[in-house]
Amino acid sequence: MAKKVKELVLSKRTRLEFVNLCDCAQIELAANELERLVMTRFAGKTDPDQAVDVYFDLKESAKGFSVKAAENALIFSAPTALEIIYAVYDFAEEYLGYTFFEPGVDNLDEFGGKVALPTTGYLIRNRVPALEIRGFVQEFPFSSEESYIIADWMVKNKLNYIQTWMKYYDELDEDMIEIHKVRGITIEAGHHNFSYLIPAEKYATSHPEFFAEIGGKRINPSSSKSELLLSEQLCTTNPALREELVKNLIEYGKAHPEVTHVGLNPNDGFGWCECAECSKFYDKNRKGELYSLAEHVYLAGEIFHDLLRYVNRRLREEGSKLNVTFCAYINYCYPTEGMYLDEGLSVAMATYWRCINHTINDPDCPVNSRYAQDIANWCKVKRGGKMMIYEYFMGVNFYLSLPMIHIDRIFEEVQWYQKTGVDGLITQFHLPHWSVYGINYYTMANAMYGKKRAAVQKRMFKALFNEDAAEAKRFLNKMDKLMLAAGKCHIPYPYSLFSRTELKDYQKMHKLAVKLYEKLPRDDFRRDWVLWTEYLVRFKSFFDDYHAGKAGIKELKAFRKWMEKTCAKGNVVVVDKFISYTDQILDSIASGKKWIHFGLDWEDAYIIKHHEGILSKNA
């Protein structure tokens with residue numbers, strides 16, 4: 001006769017008793033969250049009398065985190081206190097019915113009754129991350145409410161890194177800094193920050209030689225408060241400028257002793273200095289390539305990397321512990337000769353205007369295959385430093401909520417990153433479009449911690465759509481096919497999508513969203529998909545009518561008015577970004593200039609070239 005296996009039963013009569021907790025803020029958070037999640041799961045209990053002992057076992061030698069059930073006991077083990085927190089949240093998702101999909105919301109499958117756990121073997125065993133650095137790029141100011149729920153979501157999904165602008169980091173108060181610290185989230189203060197470290201209002205008059213020389217004259221730089229400092233750079237070979245950068249970074253570190261990672265990045269755009277010394281670092285006839293949007297400008301990798309090597313060396317000489325992160329982007333995408341990722345120096349490789357219809361490592365994609373080559377080359381020059389991917393899982397430019405269904409491809413990409421030697425993956429994001437791109441962020445987070453695709457997606461769709469999960473998955477599959485209809489290669493700006501797809505396809509998607517919503521009209525997420533698909537129908541309609549000569553300023557203003565009134569109610573569109581984008585369209589139409597994208601001639605030229613070249617050839 002088989003021996004009956006004893007069970008650990010969690011129910012509404014459960015009382016957790018934590019045994020020998022160490023005095024640690026992270027362990028305290030883990031204990032409080034486990035108790036909250038169990039109590040919420042079995043809400044309505046009275047006078048619980050079943051005691052379950054909980055052990056948090058910190059073992060430095062442990063391989064990842066584990067959870068084990070024993071008779072009347074739960075044992076969480078990990079090499080660090082942070083990973084104990086991770087274990088608590090994974091246990092809650094996999095055994096208590098939670099799904100941590102949306103910031104500020106704990107999705108709970110209220111299946112009721114008890115939870116019976118076997119007391120032999122592991123519930124979760126030796127869970128380790130596929131990538132060390134996992135996180136977000138935050139391009140908006142911190143706020144007490146939003147920043148808390150973002151940090152809360154990140155730790156629940158095991159993300160540990162935020163890259164943000166220095167000007168935004170300066171707004172953080174001590175409480176918010178502590179909230180991120182306890183949750184194991186490193187905040188990098190940096191982004192495009194030449195103008196922050198060498199502000200025009202401080203240096204333009206006293207040190208005009210610090211700024212780029214263009215056409216034989218020093219530029220008159222904008223204020224550091226300007227939102228778009230396109231094509232305004234520094235004279236990076238100037239010895240005094242270099243030392244000023246080092247001094248200002250050290251002073252920043254002293255003013256913010258909790259900061260361990262800072263950025264050193266050019267202002268967005270081009271405009272590198274052309275003085276005699278700087279010009280030694282490049283040949284104006286040696287320009288970039290189409291895949292990285294650099295055919296029209298000379299390569300600036302040598303001059304930028306020379307500055308980085310100098311600054312990093314000087315910081316080490318001065319005893320600074322700051323880690324410096326820089327971007328690989330546009331016309332400085334790949335490592336130049338003699339450039340190494342030494343200790344304290346990390347790169348964030350921006351796959352800007354990548355094709356989203358291929359994985360990043362697909363050799364058949366003329367765009368992504370070149371980015372993959374750059375990524376592999378950066379990994380080859382690591383000498384103690386780190387290599388991160390800077391992604392755009394919300395499309396490209398202005399957060400326009402165009403379709404980007406990446407929940408299958410991302411698992412393959414993470415596996416390739418891990419194999420290639422990539423250390424981390426971060427992506428731009430925004431809260432107001434979570435119903436559109438949240439699926440990318442949730443699956444990204446889980447893929448980077450070695451989760452299985454099928455299990456992650458099953459949990460996500462079940463949490464969001466219950467018995468309609470299969471129908472919701474079919475909806476996204478059809479939306480993905482709509483993207484593929486734009487051609488084998490597709491870069492997610494409006495012209496690429498709308499010029500090669502049909503209005504009827506968006507109308508069909510809208511009908512499918514309405515059908516799903518009608519099954520549960522009180523559900524906000526389903527309502528948001530109705531808004532999203534109507535938004536796409538209206539955007540596509542305006543695009544078609546504009547190019548047919550049937551729409552202009554009046555029609556665009558009507559579309560914008562609808563969007564501001566209707567979409568602001570849901571998590572579909574980042575309204576202020578859409579307004580900024582359409583402001584430029586209005587200006588273009590008013591001036592008689594053809595609307596292609598955002599009115600920048602060089603960007604528009606690439607879109608036309610893509611349309612006539614690599615994109616159309618791969619249709």
Ignoring hydrogens and geometry, is there a side-chain-to-backbone donor-acceptor pair from [X] to [Y] under 3.5 Å?
{"X": "Trp378", "Y": "Gln373", "result": "no"}
{"X": "Arg127", "Y": "Ala87", "result": "no"}
{"X": "Arg134", "Y": "Leu131", "result": "yes"}
{"X": "Glu391", "Y": "Gln428", "result": "no"}
{"X": "Tyr442", "Y": "Val456", "result": "no"}
{"X": "Lys451", "Y": "Ala445", "result": "no"}
{"X": "Ser580", "Y": "Asp576", "result": "no"}
{"X": "Tyr89", "Y": "Lys158", "result": "no"}
{"X": "Thr443", "Y": "Ile439", "result": "yes"}
{"X": "Asp423", "Y": "Lys386", "result": "no"}

Between atom [atom1] of [X] and atom [atom2] of [Y], what is the distance when rounded to the nearest 0.5 Å?
{"X": "Phe65", "Y": "Lys63", "atom1": "CZ", "atom2": "NZ", "result": "13.5 Å"}
{"X": "Cys489", "Y": "Asn368", "atom1": "SG", "atom2": "CG", "result": "7.0 Å"}
{"X": "Asn440", "Y": "Tyr392", "atom1": "CG", "atom2": "OH", "result": "15.5 Å"}
{"X": "Glu102", "Y": "Ile149", "atom1": "CD", "atom2": "CD1", "result": "8.0 Å"}
{"X": "Ile162", "Y": "Ile426", "atom1": "CD1", "atom2": "CD1", "result": "10.5 Å"}
{"X": "Ile330", "Y": "Leu299", "atom1": "CD1", "atom2": "CG", "result": "12.0 Å"}

Is there a side-chain contact between [X] and [Y] (heavy atoms, below 4.5 Å)?
{"X": "Val105", "Y": "Trp153", "result": "no"}
{"X": "Pro266", "Y": "Phe326", "result": "no"}
{"X": "Tyr495", "Y": "His597", "result": "no"}
{"X": "Tyr334", "Y": "Met349", "result": "no"}
{"X": "Pro492", "Y": "Leu497", "result": "no"}
{"X": "Asp90", "Y": "Tyr449", "result": "no"}
{"X": "Met460", "Y": "Asn446", "result": "no"}
{"X": "His261", "Y": "Leu322", "result": "no"}

(message) Between Gln457 and Asp408, is the side-chain contact (heavy atoms from CB on, under 4.5 Å) condition met? List the steps.
(response) CA-CA 9 Å; Gln457 292 187 8; Asp408 290 323; 2.8 Å; yes
(request) Starting from the C-alpha separation in whole Å, work towards a yes-or-no answer on side-chain contact (heavy atoms from CB on, under 4.5 Å) for Arg242 and Leu307. (result) CA-CA 8 Å; Arg242 289 183 166 202; Leu307 173 70; 3.9 Å; yes
Over all atoms of both residues, closest heavy-atom pair of [X] and [Y]:
{"X": "Tyr332", "Y": "Ala300", "answer": "CB-C, 4.2 Å"}
{"X": "Ser292", "Y": "Tyr371", "answer": "CA-OH, 3.6 Å"}
{"X": "Leu431", "Y": "Pro103", "answer": "CD2-CG, 3.7 Å"}
{"X": "Asn248", "Y": "Ile198", "answer": "ND2-CD1, 3.8 Å"}

Short side-chain donor-acceptor distance under 3.5 Å, [Y] and [X]:
{"X": "Tyr168", "Y": "Gln138", "result": "no"}
{"X": "Asp528", "Y": "Ser435", "result": "yes"}
{"X": "Ser401", "Y": "His433", "result": "no"}
{"X": "His610", "Y": "Tyr493", "result": "yes"}
{"X": "Glu139", "Y": "Tyr399", "result": "yes"}
{"X": "His430", "Y": "Tyr437", "result": "no"}
{"X": "His490", "Y": "Ser496", "result": "yes"}

Under a 4.0 Å threshold between the charged nitrogen and the carboxylate oxygen, would [Y] count as salt-bridged to [X]?
{"X": "Glu318", "Y": "Arg314", "result": "yes"}
{"X": "Asp170", "Y": "Lys167", "result": "no"}
{"X": "Arg313", "Y": "Asp342", "result": "no"}
{"X": "Lys473", "Y": "Asp480", "result": "no"}
{"X": "Arg370", "Y": "Glu289", "result": "yes"}

(message) A cation-pi test, strictly: NZ or CZ of Lys419 under 6.0 Å from the centre of the six-membered ring of Trp416 and no more than 45 degrees from its axis. Yes or no?
(response)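 Verdict for Trp416: no cation-pi partner in Lys419.
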(request) Let me see the working for Thr99 and Glu93 under side chain to side chain donor-acceptor pair (under 3.5 Å), right down to the final yes or no. (result) CA-CA 5 Å; Thr99 302; Glu93 278 208 324; 4.7 Å; no
(request) Please test Glu251 against Lys247 for salt bridge (charged side-chain N to carboxylate O under 4.0 Å, His left out), starting from the C-alpha separation and ending with a verdict. (result) CA-CA 6 Å; Glu251 289 181 353; Lys247 178 177 75 73; 3.6 Å; yes
(request) Go through Val259 and Ile187 one step at a time and tell me if the side-chain contact (heavy atoms from CB on, under 4.5 Å) criterion holds. (result) CA-CA 7 Å; Val259 171; Ile187 306 178; over 6 Å; no
(message) Could you check whether atom OH of Tyr310 has more than 12 heavy atoms from other residues, nucleotides or ligands sitting under 6.0 Å from it?
(response)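 For Tyr310, atom OH is crowded (more than 12 foreign heavy atoms under 6.0 Å).
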(request) Go through the steps for Tyr291 and Asp374 under the test side chain to side chain donor-acceptor pair (under 3.5 Å), then give the verdict. (result) CA-CA 11 Å; Tyr291 79 99; Asp374 291 342; 2.6 Å; yes
(request) Any chance you could lay out the side chain to side chain donor-acceptor pair (under 3.5 Å) test for Asp268 and Tyr329, step after step, and finish with the verdict? (result) CA-CA 10 Å; Asp268 211 356; Tyr329 183 59; 3.1 Å; yes
(request) Report the C-alpha separation of Asp362 and Lys488 in whole Å, then their side-chain angles, then the decisive distance to 0.1 Å, and conclude whether the salt bridge (charged side-chain N to carboxylate O under 4.0 Å, His left out) test is met. (result) CA-CA 12 Å; Asp362 192 328; Lys488 186 178 178 183; over 6 Å; no
(request) Determine, stepwise, if the pair Arg354 / Glu413 fulfils salt bridge (charged side-chain N to carboxylate O under 4.0 Å, His left out). (result) CA-CA 13 Å; Arg354 62 161 290 181; Glu413 291 182 354; 2.8 Å; yes
(request) Apply the test side-chain contact (heavy atoms from CB on, under 4.5 Å) to residues Tyr441 and Met394: give CA-CA distance (whole Å), side-chain angles for both, the deciding distance (0.1 Å), then the verdict. (result) CA-CA 9 Å; Tyr441 307 142; Met394 27 49 73; 3.3 Å; yes
(request) Give the intermediate values and the outcome of side chain to side chain donor-acceptor pair (under 3.5 Å) for residues His305 and Thr336. (result) CA-CA 7 Å; His305 297 162; Thr336 54; 2.8 Å; yes
